[in-house]
Amino acid sequence: MPGSGSGALRRRTLVLGSAAAAGTAALTGPLAGSASAAGFGWSDDGTHYVVDTGAQLVFKVSKTNGDLTSLVYRGVEYQGYGGKNSHVESGLGASTVTLRQSGSTILISVAYGTLKHYYAARSGENNIYLWTNKADDSVTASRYIVRVKAGMFLNDEPDSYTYAPTTVEASDVFRKADGQTRSKHYSRLRVSDYDHIGWTTGSVGLWMVRSNHEKASGGPFYRSLLRHQSADGGGLYEILHYGENQTEAQRFGLQGPYVIAFTDGGAPSSSLFPGTLTTPWADSLGISGYVPASGRGRVAGVGIAGRDAAYPYTVGLANADAQYWGAARSSDGFFSIAGVLPGTYTLTVHKAELAVYTTQVTVSAGSTTTLNTITIPAVNDPSRASAIWRIGDWTGTPSGFKNADLMTYAHPSDVRAASWTGNVVIGSGSETSAFPCYLWKDVNSGLLVYFRLTAAQAAAAHTLRIGVTTAYANGRPQVTVNDVWTSPIPSPPTQPGTRSLTVGSYRGNNHTFSYSVPASAWRTDTYNVLRIDIVSGSGTTGFLSAGTAIDAIDLLA
């Protein structure tokens, strides 16, 4: 039977840092308390459950398949384009859909085979809380997409292709008339870089606030599509598992809550953000796979010694069932990671994105696993090795290399990209900025590096190291020194098998190629010339030929 709440609607204005200039946030979960808003309740129109949150948000869920078919805020419909609804993946099909009200919470449950999906509404809030429990691989469920009507939030951002009709690659990378490229893949952001994604008109904001991603894959530095905007409409995504340039196996279980949030134009309240959001009101709702705060533990570290103060450090926890991460404090390396499911995890310390230390930790419900100061051995950080010369630094990223920043939000063919060719001279002062972040077999293979050696240096063999962050089509570097010595072709390391370099991601599996160059290869009377070729029997042509992303290159003393 339909239910309704009573009582006055509570509203509160929040100022959220820099978001204040864009507007104020509307009432959200933890701020709403237990009061019921006028109008809160639900009804059954025969084909949908219709939920009124009492905060100017009314939404409908299909009783047939669990699709979100209507999303009305302040009397305006935002949901849908091209005859499509908002839903898990591209829609689940015939499902069992039920509704239950528990006080000031309404929960809609969707069951499709082994997959369970949930929508929750709280009285007086303009939010929809979502959970998705994928128990196994019998159902393809890699995302939830909120489909938004065309024209509601026009923009010309990197992940928008409204004004870019020319196809560059596949059917999802486009070029504008001015030569700039656009794609839904070009989010710029790693998972750890964002709490929410969406749009604002200045008076209305629509956001997807991500979950803690404990059941996602790829870790804190993973990149995937987050939203898109086209002539047909827009999409906001919570990625449950994204296969493109993925480095980990899929995890199963309950992911959430993630939140569809409307605001008065500003950013959503930080009380909804992962790591901040608490949902004690959901503890007794019977959500499949739900673990309350009391069933979780925490890992805390006193500090991390042996850090390079020039870089941020991140501590990650991962096992086959879950993943978590947290920033280490810049002053001493202290870290704390809460809300962790019980189990044994691999703890990894990252310098920027480069793993420099690992150990095992066990987490128990209701307790804190405390670790004494972690000391990073010098041998674990390749930057601490003595080098005759070094291009870039060992961070697990191509940061500082030519075009590196641009490549997280543009195609390599973009008009803003500097030339992918050109040689490098050690000692010029521009070694890193002149060296392209990516090398391809069909684009810039054969790049030359010029450098001098003293007589003493040239009298000895040396190790040349090339670090990479990912590779496409098994692209890997083979080197030649002074046209007198050529390295064997190295074996390809394990890397994702999908596109990467052209869809905004350099994040794969960091790998170091080492080459033992004999003393007989060196010159002392002139420049030495190092040629780097990309080799592979795979790939096609151009920017889809075999390629790799560069982390650092050095010649050890």
Side-chain angles (χ1 to χ4, degrees), residues 132-137 142 189-195 210-224 238-256 258 274-275 289 291 293 295-301 304 311-328 333-365 367-371 374 376 380-381 395-397 469-470 493-496 498 500 505-511:
T132 304
N133 188 336
K134 183 178 180 183
D136 52 47
D137 60 6
S142 60
L189 302 173
R190 307 170 302 175
V191 177
S192 58
D193 292 331
Y194 78 98
D195 296 302
R210 72 167 176 86
S211 70
N212 68 353
H213 277 223
E214 71 179 0
K215 295 296 184 178
S217 301
F221 313 124
Y222 188 66
R223 298 175 185 268
S224 68
E238 166 75 344
I239 297 298
L240 309 180
H241 179 76
Y242 192 57
E244 196 147 66
N245 211 34
Q246 181 57 255
T247 58
E248 291 186 304
Q250 184 170 191
R251 292 182 171 94
F252 300 111
L254 184 70
Q255 181 155 296
Y258 47 103
V291 179
R296 298 169 177 269
R298 185 169 74 104
V299 175
I304 303 173
Y311 299 103
Y313 282 72
T314 301
V315 180
L317 303 174
N319 62 20
D321 298 318
Q323 62 170 8
Y324 309 90
W325 57 85
F334 168 83
F335 61 91
S336 177
I337 305 172
V340 180
L341 293 172
T344 298
Y345 294 85
T346 297
L347 180 150
T348 303
V349 177
H350 300 269
K351 167 196 170 187
E353 296 184 20
L354 184 68
V356 292
Y357 180 88
T358 61
T359 190
Q360 299 293 303
V361 297
T362 298
V363 180
S364 300
S367 65
T368 297
T369 300
T370 303
L371 304 177
I374 291 171
I376 300 171
N380 286 18
D381 185 348
T395 63
T397 78
T469 68
T470 194
T494 300
Q495 297 288 5
T498 59
S500 54
S505 179
Y506 59 76
R507 176 76 275 130
N509 295 312
N510 290 109
H511 181 79

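All values derive from a computational prediction rather than experimental measurement. Position 1 is the first residue of the sequence; numbering continues from there.
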Intermediate values then yes/no, side-chain contact (heavy atoms from CB on, under 4.5 Å), Arg507 and Thr469: CA-CA 6 Å; Arg507 176 76 275 130; Thr469 68; 4.3 Å; yes
Taking all non-hydrogen atoms of both residues, which atom of [X] and which atom of [Y] are closest, and how far apart?
X	Y	answer
Leu254	Lys215	O-CG, 3.2 Å
Gly333	Ala328	O-CB, 3.7 Å
Thr247	Gly218	OG1-CA, 3.9 Å
Ala249	His241	C-CE1, 4.2 Å
Ser211	Gly256	CB-CA, 3.8 Å
Asn380	Val356	ND2-O, 2.8 Å

With side chains defined as the heavy atoms from C-beta onward, is the minimum distance between [X] and [Y] less than 4.5 Å?
X	Y	value
Arg210	Val191	yes
Phe335	Thr314	no
Ser142	Ile239	no
Ser336	Arg298	yes
Leu347	Ile374	yes
His350	Trp325	no
Tyr258	Leu240	yes
Tyr324	Leu341	yes

Does any N or O in the side chain of [X] come within less than 3.5 Å of the main-chain N or O of [Y], such that one atom is a donor and the other an acceptor?
X	Y	value
Arg251	Asn319	yes
Thr498	Asn245	yes
Gln255	Ala216	yes
Ser505	Arg223	no
Glu214	Ala322	no

Hey, do the aromatic rings of His213 and Tyr222 have their centres closer than 6.0 Å?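 Ring centroids of His213 and Tyr222 are no less than 6.0 Å from each other.
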Pair [X]-[Y], side-chain donor/acceptor within less than 3.5 Å:
X	Y	answer
Thr362	Thr344	yes
Thr370	Thr368	no
Ser217	Gln246	no

Quick check for you: to the nearest 0.5 Å, what is the distance between [X] atom [atom1] and [Y] atom [atom2]?
X	Y	atom1	atom2	value
Asp321	Tyr345	CG	OH	7.0 Å
Leu354	Asp381	CG	CG	7.0 Å
Thr346	Gln323	OG1	CD	12.5 Å
Ser224	Leu189	OG	CG	10.0 Å
Phe221	Asn510	CZ	CG	9.5 Å

